[in-house]
Chemist: 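Below is the structure I would like to discuss, written out as structure tokens.
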Amino acid sequence: MAQASPFTTPQTHPKKRSGRNREKWIAFLFLLPSILAIAIFVYGFIGWTGYISLSKWNTFVQDLTFSGLGNYRFLFNDFRFQSDLRNTIIFTVLFTLLCIGLGLFLAVLLDQKIKWEGLFRNIFIFPMALSFIVTGVVWQWIFNPSTGINLILKKIGITDPPLWYVQTRVVLPLHIGQIQFGVPMALIAVVIAAVWQLSGFTMAMYLSGLRSIPDELKEAARVDGATEWQTFRYILLPQLKPITFSAVVILGHISLKIFDLIYAMTGPGAAFVTDMPGLYMVETTFKGSHYAQGASIAIIMLLLVSLLIVPYLIFTFRKEETA
Amino acid sequence: MTLSRTGQIILYAILIILALLFLTPIYIMVITSIKPINEATLSGMWKLPSHVDLESYQIAFEKLSPNILNSFYLVIPATILSAVLGSLNGYILSKWRFPGSNILFTLILFGMFIPYQSILIPLIQFLQKIQLYNTIPGLILVHVVYGIPITTLIFRNFYANIPTEMIEAAKIDGNGIWGIYQRIILPLSIPGFVVVGIWQFTQIWNEFLFAVTITNTSQQPIMVALQNLSGSQIIQWNIQMAGALLAALPTLIVYIFLGKYFIRGLLAGSLKG
């Protein structure tokens, strides 16, 4: 392009364009504080945790001497961590399935144009407003083997009620290494408390999904002679797939990270039947000063969560880009 | 929809039974908290108290009130600051996209899903270095920073519904980024601020991991104090339940009066927007 002389009238097009570019830079500057904060507090700190996990810092005194994968090797041979991995997988599967099942069931019930819908909906969602600590404190009493639910079970004639979270039995045991792979009975109590707290969330998601399906679609199915069940199975359920996908990702990542509920309700439990990586990390780091081991647990937790989240983020990113 | 008469009865029966089950923990909390000490026993857990005794509330409040105050000092500034940041970010990321802005947004979002254990050790080292460890301002900083992803997400989805034509018209009228934000976006943002405010208030009030690892003694927010209360052996459980109810009260009140916005935040936070 020819050099603009100060005497010629500036062309409007290039000026407008550079103005727009300037605005883009201002836009970027608006974001800069947040970008820096996230870069340091998320990515920088994760990097630093990764570095600590490869060090020998397992005492009160900071020691960043490189130790390679020693801490990870220790963990995978550690009975407590092996139990944690079993627990976290079993907990995640049970918790996610139950929340989705119950949430969908409740949403379908509430979608039947019932009276007092708002009241029912509020009752099913309110546990979401509570803290896991509050939930833990209350459910700890409900599942206490010498009171709570067991008083009712005894009243209806069950003389030998379950010990709930005190139970150390692992159902369907399969020995791998030092641990029994299977379903620890003690976890059931924790799963119930967690489902109580979060199934209202899946219900809200499904309910909004059901409401966004056009009535004509349902009507058309009925006109074609489909039964209620067929309408649900072949018309509504496929439409709800993206919601199920989101729900799995969100519930899954909550459960892989779970900490407060366990901390307040049961702690690690006898033989670590209710222990989770999140709890082990905090205890070993801040009570035992095993910083490098704590960092290794944290990195493994991050990898587990990333397995679920990264594909999801890439998927939503692609959808957004093409939209 | 036409359900048969028996169908209707079964439907309502199931809903009522499930609603009662969902309310059971609240029943236990309430009746236990109003029991006199000698009636708060293991064997009498489900029984109603012989009379209402509010002494447990008095004891729980004496023990917990400094921590409840700490929580308010923490939650109010943290909520406001993170909402303001989220609003600015959401505005830029929905209305002033630049090359790479979607990647940037995705990278910010990832911060919402990480287990906070994976940043906890460096975070504590950092807070110690800048002398904010074991302080409420330190916790405020933490909640503002880690609140950025969710508040940005909710505001971005919220602003996506503001028509681009309005922005274009304002640009033609000679408004820049800041002018458009002040004159058009901000006045339309009130429902967005309510949703984000309620969401952040609830989340920060209920948060435990940062609270328990970053503060000790007199700086502890309510959830840590509640956990300590129930962890000690001598405390009677009528006092524990009174404490739990007191700790839950602010978020429950918010939920009861502004439940609609709470649910909206819930859905917006689940990436559906």
Side-chain angles (χ1 to χ4, degrees), chain A residues 23-24 26-28 30-31 34 37-38 41-42 45-46 48-49 52 109 112-113 120 122-126 129-131 133-134 137-139 141-142 146-148 151 201 204-205 208 246 250 253 257 259-260 264 278 281-282 285-286 291 294-295 298-299 301-302 305 309 313 316-317 320-321, chain B residues 1 3 11 14-15 18-19 22-23 25 28-29 42-43 45-46 85 88-89 92 96 98 102 104 106 108-111 113-115 117-123 145-146 148 176-177 202 206 208-209 213 223 226-227 230 237 240 244 247-248 251-252 254-255 259 262-263 266-267 270-272:
Chain A
E23 298 268 70
K24 291 232 155 115
I26 298 175
F28 186 74
F30 266 72
L31 290 180
S34 299
I38 296 290
F41 281 73
V42 174
F45 283 5
I46 286 174
W48 186 236
T49 303
I52 293 172
L109 291 189
Q112 307 299 317
K113 299 197 174 74
F120 281 118
N122 286 340
I123 289 174
F124 296 133
I125 299 180
F126 87 89
L130 298 179
S131 146
I133 297 295
V134 171
V137 169
V138 183
W139 283 93
W141 283 107
I142 295 180
S146 47
T147 176
L151 291 181
F201 165 67
M205 283 179 82
S208 82
S246 299
I250 289 161
H253 102 278
K257 303 196 294 199
F259 167 72
D260 333 14
M281 187 277 167
V282 170
T285 309
F286 300 107
Y291 287 86
I299 294 295
M301 287 176 74
L302 181 71
V305 168
I309 296 304
L313 286 178
T316 40
F317 173 73
E320 188 113 336
E321 286 288 281
Chain B
M1 246 264 303
L3 269 181
L11 178 71
I14 295 174
L15 277 174
L18 282 169
F22 266 73
L23 289 170
I28 291 289
M29 274 167 93
L42 290 177
S43 59
M45 183 165 170
W46 299 96
L85 267 182
L88 285 172
N89 294 346
I92 302 292
W96 293 89
F98 47 85
N102 272 352
L104 194 69
T106 311
I108 293 175
L109 267 195
F110 181 66
F113 297 104
I114 58 165
Q117 277 87 350
S118 67
I119 47 88
L120 200 53
I121 302 171
L123 178 69
V145 170
Y146 294 105
I148 289 173
I177 289 194
T202 313
N206 289 342
F208 184 68
L209 176 62
T213 50
M223 286 310 152
L226 173 66
Q227 171 57 28
S230 64
W237 52 297
Q240 278 184 35
T251 53
L252 274 181
V254 163
Y255 176 70
F262 177 84
I263 293 166
L266 205 73
L267 295 174
S270 60
L271 291 189
K272 286 277 304 151

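Proteins get letters first, then strands, A, B, ... in listed order; numbering begins at 1 in each. Computed from a predicted model, the values in this text were never measured in an experiment.
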Chemist: With only heavy atoms counted, which part of A:Met281 is less than 4.5 Å from chain B, the side chain, the backbone, both or neither?
Modeler: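 For A:Met281, the side chain is the part near chain B, not the backbone.
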Chemist: Measuring from A:Ile38:CD1 to B:Ile148:CD1, what's the distance to the nearest 0.5 Å?
Modeler: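 Between A:Ile38 CD1 and B:Ile148 CD1, I get 4.5 Å after rounding to 0.5 Å.
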Chemist: For B:Leu42 versus A:Ser146, what's the shortest heavy-atom pair and its separation?
Modeler: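 Closest pair (atom of B:Leu42, atom of A:Ser146, distance): CD1-OG, 3.8 Å.
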Chemist: So which part of A:Thr285 gets closer than 4.5 Å to some heavy atom of chain B, the side chain, the backbone, both or neither?
Modeler: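 It is the side chain, since no backbone atom gets that close.
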Chemist: Got a sec, which residues hit side chain to side chain contact (heavy atoms under 4.5 Å, CB included) with B:Ile14, two or more places apart in sequence or on another chain?
Modeler: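 B:Ile14 satisfies side chain to side chain contact (heavy atoms under 4.5 Å, CB included) with A:Phe105, A:Leu109, B:Ile10, B:Leu18 once adjacent residues are dropped.
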Chemist: Counting N and O atoms only, with roles assigned by atom type, does the side chain of A:Lys257 sit under 3.5 Å from a partner on the main chain of B:Phe113, one being a donor and the other an acceptor?
Modeler: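 Yes, because the side chain of A:Lys257 sits within donor-acceptor range (under 3.5 Å) of the backbone of B:Phe113.
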Chemist: Let me confirm one number: the CG-OG1 distance from B:Leu109 to A:Thr316, rounded to the nearest 0.5 Å.
Modeler: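 So the CG of B:Leu109 and the OG1 of A:Thr316 are separated by 7.0 Å.
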Chemist: For residues B:Leu85 and A:Ser34, report the shortest heavy-atom separation together with the two atoms involved.
Modeler: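 In this case the closest contact between B:Leu85 and A:Ser34 is CD2-OG, 3.7 Å.
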Chemist: Heavy atoms only, distances under 4.5 angstrom: which of B:Thr202, B:Leu252, B:Val145 has the most pairs with chain A? Name it, please.
Modeler: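 Sorted descending by pairs with chain A, the first entry is B:Val145.
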Chemist: Please flag which part of A:Phe126 lies under 4.5 Å from any non-hydrogen atom of chain B: side chain, backbone, both or neither.
Modeler: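 Both parts, backbone and side chain.
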Chemist: With a 4.5 angstrom heavy-atom cut-off, is it the side chain or the backbone of A:Phe201 that approaches chain B, or both, or neither?
Modeler: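 When you check distances to chain B, atoms from both the backbone and side chain of A:Phe201 fall under 4.5 Å.
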Chemist: For A:Val137 and B:Ser230, which heavy atoms make the closest approach, and how far apart are they?
Modeler: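 What the structure gives for the nearest pair is CG2-OG, 3.6 Å.
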Chemist: Does any heavy atom of chain B fall under 4.5 Å from the side chain of A:Val305, the backbone, both, or neither of them?
Modeler: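 Contact with chain B involves the side chain of A:Val305 alone.
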Chemist: Between B:Thr251, B:Ile119, B:Ile108, which shows the greatest number of heavy-atom pairs under 4.5 Å with chain A?
Modeler: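 The option with the most such pairs is B:Ile119.
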Chemist: For B:Phe262, is it the side chain, the backbone, both, or neither that has a heavy atom closer than 4.5 Å to a heavy atom of chain A?
Modeler: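 Looking at B:Phe262, just its side chain touches chain A.
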Chemist: May I ask you to test the A:Val134-B:Met223 pair for a side-chain heavy-atom distance under 4.5 Å?
Modeler: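 Side-chain contact under 4.5 Å: yes.
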Chemist: Testing the basics here: between A:Phe45 and B:Leu123, what is the closest heavy-atom pair and its distance to 0.1 Å?
Modeler: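 The pair with the smallest heavy-atom distance is CE2-CA, 3.5 Å.
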Chemist: Drop me the distance from B:Ile114's CD1 to A:His253's NE2, to the nearest 0.5 angstrom.
Modeler: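 Spacing of CD1 (B:Ile114) from NE2 (A:His253) equals 10.0 Å.
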Chemist: Could you check whether any side-chain N or O of B:Tyr255 sits under 3.5 Å from a backbone N or O of A:Leu130, counting only pairs where one atom can act as donor and the other as acceptor?
Modeler: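 No: the side chain of B:Tyr255 does not pair with the backbone of A:Leu130.
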Chemist: Please state whether the side chain, the backbone, both or neither of A:Phe259 comes within less than 4.5 Å of a heavy atom of chain B.
Modeler: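 For A:Phe259, side-chain heavy atoms alone lie under 4.5 Å from chain B.
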Chemist: Has B:Ser118 got a side-chain atom pairing as donor or acceptor with A:Ile46's backbone, closer than 3.5 angstrom?
Modeler: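 Pair absent, no side-chain N/O of B:Ser118 close to backbone of A:Ile46.
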Chemist: What's the shortest heavy-atom distance between B:Trp96 and A:Ala27, and which atoms?
Modeler: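 So the two residues come closest at CB-CB, 3.8 Å.
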Chemist: Heavy atoms only: give me the nearest B:Trp46-A:Gly148 pair and the separation to one decimal.
Modeler: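 Here B:Trp46 and A:Gly148 meet closest at NE1-O, 2.8 Å.
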Chemist: Which bit of A:Val282 comes within less than 4.5 Å of chain B, counting heavy atoms only: side chain, backbone, both or neither?
Modeler: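 The answer is the side chain of A:Val282.
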Chemist: Any donor-acceptor pair under 3.5 Å linking the side chain of B:Asn102 with the backbone of A:Phe317?
Modeler: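 No: the side chain of B:Asn102 does not pair with the backbone of A:Phe317.
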Chemist: Under a 4.5 Å cutoff for heavy-atom pairs, which residue among A:Ile52, A:Ile125, A:Ile26 has the most contacts with chain B?
Modeler: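 The residue among A:Ile52, A:Ile125, A:Ile26 with the greatest pair count is A:Ile125.
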Chemist: Kindly compute the distance separating CZ (A:Phe120) from CG (B:Leu15), expressed to the nearest 0.5 Å.
Modeler: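 The CG atom of B:Leu15 is 5.0 Å from CZ of A:Phe120, to the nearest 0.5 Å.
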Chemist: Select one option (side chain, backbone, both, neither) describing which atoms of B:Thr106 are under 4.5 Å from chain A's heavy atoms.
Modeler: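 Contact with chain A is through both the backbone and side chain of B:Thr106.
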Chemist: Given a strict heavy-atom distance threshold of 4.5 Å, which part of B:Ile263 is in contact with chain A: side chain, backbone, both, or neither?
Modeler: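 Only the side chain of B:Ile263 comes within 4.5 Å of chain A.
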Chemist: Identify which part of A:Trp141 has an atom lying under 4.5 Å from any heavy atom of chain B, answering side chain, backbone, both or neither.
Modeler: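 For A:Trp141, backbone and side chain are both near chain B.
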Chemist: Within a strict 4.5 Å, meaning less than it, do heavy atoms of the B:Met45 and A:Ile142 side chains meet?
Modeler: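 Of all side-chain heavy-atom pairs linking A:Ile142 with B:Met45, at least one is under 4.5 Å.
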